[in-house]
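This report refers to the structure that appears directly beneath it.
Each chain gets a letter, A, B and so on, in the order the sequences are listed, and its residues count up from 1.
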Amino acid sequence: MTDPFDLTDDDLDAAPGDPETPPPEPPWLAGLNPEQRRAVETLDGPVLVLSGAGTGKTRVLTTRIAHILHLRRAQPWRVLAVTFTNRAAREMRERLAAMIGPVAESVWLGTFHALSLRMLRRHAEKVGLRDGFSILDADDQLRLLKQLMVDANMDPKRDPPKALMGRIQRWKDRGLTPDRVPDADAREGAARRARELYTRYQTRLLELNACDFGDLLLHTLAILQAHPDIAAEYQRKFDYILVDEYQDTNVAQYLWLRLLAAGHRNLCCVGDDDQSIYSWRGAEVGNILRFDTDYPGAAVVRLERNYRSTPTILGAAAGLIRHNTDRLGKDLIAAGAAADDPDVRKVTVRGLWDGEAEARWVVEEIEALGHEMRGSGNGTGNAAAGTAILVRATFQMREFEDRLMTCGVPYHVIGGPRFYERLEIRDALAYLRLVAQPDDDLAFERIVNTPKRGLGETSLQTLQIMARAAGIPLLAAARDLAASDELKPRARTALGAFVADVDRWRALVGGMPPSEVCATILEESGYAAMWKADKSPEAPGRVENLEELVGAVAEFETLDAFLEHIALVMETESKGAAAGVTLMTLHAAKGLEFDVVFLPGWEEDLFPHKRALDEGGQASLEEERRLAYVGLTRARTRAFVSFAANRRIFNNWQASMPSRFVDELPDAFVDKTSDTGLYGAVTAGFAEEFGGWGTRHPRRTLAAGSGGSAGRVAPGTGTWKVRDRSGDGQGIRVGQRVFHQKFGYGTVQSAEGGKLAVNFEKAGRKTVVAGFVEPA
DNA sequence: ATTACAAACATTTTT
DNA sequence: TGTTTGTAAT
């Protein structure tokens with residue numbers, strides 16, 4: 001297979017094809033609506049396509065590329081199309097190939113990271129990396145950082161490595177090398193220490209001839225900035241640049257694009273500010289918000305015709321997202337069913353007693369819909385699945401899994417630990433890496449004593465000191481050490497044998513297919529045997545995974561090719577469509593669509609998540625709201641929102657209030673009182689039995705018009721029935737004995753913001769909403 | 001060097 | 001509640 005990214009044999013300065021005879025209008029333009037057509041046909045200069053959910057974003061991107069090529073405005077290899085995920089890149093390439101055939105292979109199409117890596121491989125020496133540098137994954141990064149912390153005598157209690165790593169990554173997201181981190185960002189103690197550590201970290205990476213994900217962009221950026229000749233070369237190479245999911249770009253990516261587009265400014269960015277949900281990973285919504293300031297004269301195209309969802313779903317979503325202030329402002333128009341279509345159902349909103357009841361209800365609804373549940377992929381990559389349950393946090397998944405399993409409803413979970421992140425796979429990969437790259441110290445450390453070879457702390461310490469003193473890789477040091485008599489005989493023999501093994505395996509590379517090399521290593525190292533002998537319940541699965549790994553290696557010609565691939569693509573290609581209900585986080589659902597979507601857990605403190613609010617305030621609230629918006633707009637025909645009054649989190653019960661987002665859904669599009677009357681009955685039951693929702697969020701007041709008359713269902717408005725407990729459990733004092741329906745009798749320990757901490761006699765200490773208890 | 005137990009902690013995670 | 005992480009004991 002030819003490498004579509006290989007620059008080396010391209011003619012960087014090839015002239016664009018001559019536009020002699022414009023071919024007849026191709027069929028693909030005909031199917032576009034006027035806005036899409038404008039987005040496709042506005043070829044020159046900067047273009048921003050604001051593409052709302054379900055408005056045909058990918059279609060516009062692929063058609064635009066096809067159009068450019070069709071008009072001979074550029075050769076395929078002079079078009080650069082950037083995505084965030086491998087999935088998006090794959091989908092785009094497939095759809096492009098369907099339009100224009102195999103020539104689609106030549107387009108420079110890939111993720112920011114994959115494309116950066118191609119450039120970086122060519123110019124690695126400019127940033128101090130040598131040929132064949134390796135790419136660390138999250139696990140390696142953290143282990144490296146921890147080592148550096150130990151060296152620097154830092155206390156992991158005071159500075160959690162993960163937090164420090166996070167800071168470093170955020171700096172990298174902003175395109176900041178250690179020397180460029182502003183003092184203002186490193187004033188406070190932890191930040192100052194993080195910056196120092198950042199410097200050491202980068203130094204150590206170069207020593208290891210390695211870089212992390214962030215570096216792929218950062219180094220490339222540094223090269224383009226420091227070497228105008230190289231920058232100019234790429235600026236001339238690409239005639240047209242297209243970017244997907246522009247709202248998710250971070251500063252480094254923004255600068256990367258700006259540099260590459262600096263010449264002709266033929267930059268087309270597609271995105272939706274309302275779907276920006278990754279700011280916590282460094283994404284800057286600001287990039288899309290100020291596109292036309294950055295690129296004066298930019299054409300802005302709004303795609304607002306939604307081909308996915310019903311008018312009610314869109315209406316509900318629009319009502320919600322209207323509460324955000326920092327928006328470019330788009331309104332989705334349903335292109336499908338009319339608003340008065342009797343088949344169009346409102347969004348169902350349902351309150352339930354607890355998480356378990358919620359799960360039960362959701363699965364009942366799924367069964368009642370009797371929906372023909374198809375898998376999550378339909379071949380074209382445009383995911384069209386049956387039903388999905390979208391949760392805010394992964395811990396919510398369990399309850400649904402339990403219930404689905406009990407009811408025998410087929411389901412699958414998306415997300416969770418990925419194949420290449422599993423322990424046994426990472427270990428196996430470390431073997432392969434060490435064989436392919438003798439100076440990969442991190443790989444060496446990982447597996448010297450896995451399986452156990454009797455090489456402990458002390459032996460390895462000796463080895464580390466020796467390697468560092470001599471400035472050589474650990475494997476080389478191990479070879480020397482095994483030949484000396486510094487170690488105890490037992491350790492020396494073990495180390496010698498290990499080095500000999502690695503040498504022997506390396507000799508195999510090239511002589512036999514990489515999958516056989518892999519299998520041999522796993523056998524001879526005793527690693528496979530280690531898991532086969534393991535009696536723990538997960539061991540058989542691990543053995544299977546190892547076999548699967550050997551199968552995955554078989555897809556590649558060389559070991560290096562395989563290792564390079566997995567460094568960038570941390571997932572195995574999904575094999576066929578998984579059946580049944582899809583269970584995943586809201587974040588994972590972006591870009592997908594389903595006939596029916598369930599959105600459970602719409603409760604204050606869970607969604608919007610308390611921690612997000614604590615950390616990021618108003619901006620985070622808006623991001624949470626966008627997440628809710630993304631969730632709703634995944635649905636084609638039906639959406640179900642639910643919340644529970646009580647939720648067990650980490651073994652203790654938390655009383656919870658409906659999310660403010662529930663109130664923000666416009667009544668006109670929402671069924672808070674279902675037509676069977678069930679919903680109303682349950683609410684009434686709640687009110688009756690448990691004192692109603694009692695207190696709303698302390699910082700919120702009831703919807704206008706019902707504030708003074710809580711306790712009454714305003715006719716036709718669907719307002720929640722609320723019983724006024726004369727304000728936030730007034731009259732309940734600390735030390736008072738109270739009664740709670742679920743927990744029984746207890747004593748109030750503290751009261752704050754309408755919530756009480758109560759020490760229950762049977763149930764222990766819980767936090768409950770004041771409205772749920774009564775004086776005993 | 002390895003095992004065992006307790007203590008801490010638990011949003012989201014495209015590459 | 002389940003997992004992961006660190007320490008203590010063998």
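For A:Arg281 and B:dT15, a side-chain-to-base donor-acceptor distance below 3.5 Å is present, hydrogens and geometry of angles not being considered.
Comparing B:dT13 with C:dT4, their P atoms are spaced 16 Å from each other, to the whole Å. Rounded to a whole angstrom, the distance from the C1' atom of C:dT3 to that of B:dT14 is 25 Å.
For an aromatic pair to be called close, the ring centres must be under 6.0 Å apart, and A:Phe661 with A:Phe643 fails this. In summary, the aromatic rings of A:Tyr254 and A:Trp256 are positioned with their centroids too far apart to meet the 6.0 Å limit.
An anti orientation is assigned to B:dT12, its glycosidic angle lying beyond 90° of 0.
Inspection of the A:Gln437 and A:Asp440 side chains reveals no N or O donor paired with an N or O acceptor under 3.5 Å.
Among the nucleotides B:dT15, C:dG2, B:dT11, the one closest to any side-chain atom of A:Ala612 is B:dT11.
Under the stacking criterion of a centre-to-centre distance below 5.5 angstrom and an interplanar angle below 30°, A:Tyr278 is not stacked against the six-membered ring of B:dT12. Stacking of A:His609 onto the six-membered ring of B:dT11 is present: less than 5.5 angstrom between centres, less than 30° between planes.
Between A:Phe556 and A:His565, the ring planes lie tilted relative to each other; the angle falls in the 30° to 60° range.
Phosphate contact (OP1/OP2 of B:dT12, side-chain N/O of A:Thr394, threshold under 4.0 Å): present. For the OP1/OP2 pair of B:dA1 and a distance below 4.0 Å, the side-chain nitrogens and oxygens of A:Ser459 include at least one atom meeting the criterion.
Against DNA chain B, the stretch residues 248-258 of chain A makes heavy-atom approaches under 4.0 Å through A:Asp248.
A salt bridge (charged side-chain N to carboxylate O under 4.0 Å, His left out) with A:Arg433 holds for exactly one of A:Asp140, A:Asp560, A:Asp427; it is A:Asp140.
Enclosure of atom CD in A:Glu401 by more than 12 non-hydrogen atoms of other residues, nucleotides or ligands within 6.0 angstrom is indicated.
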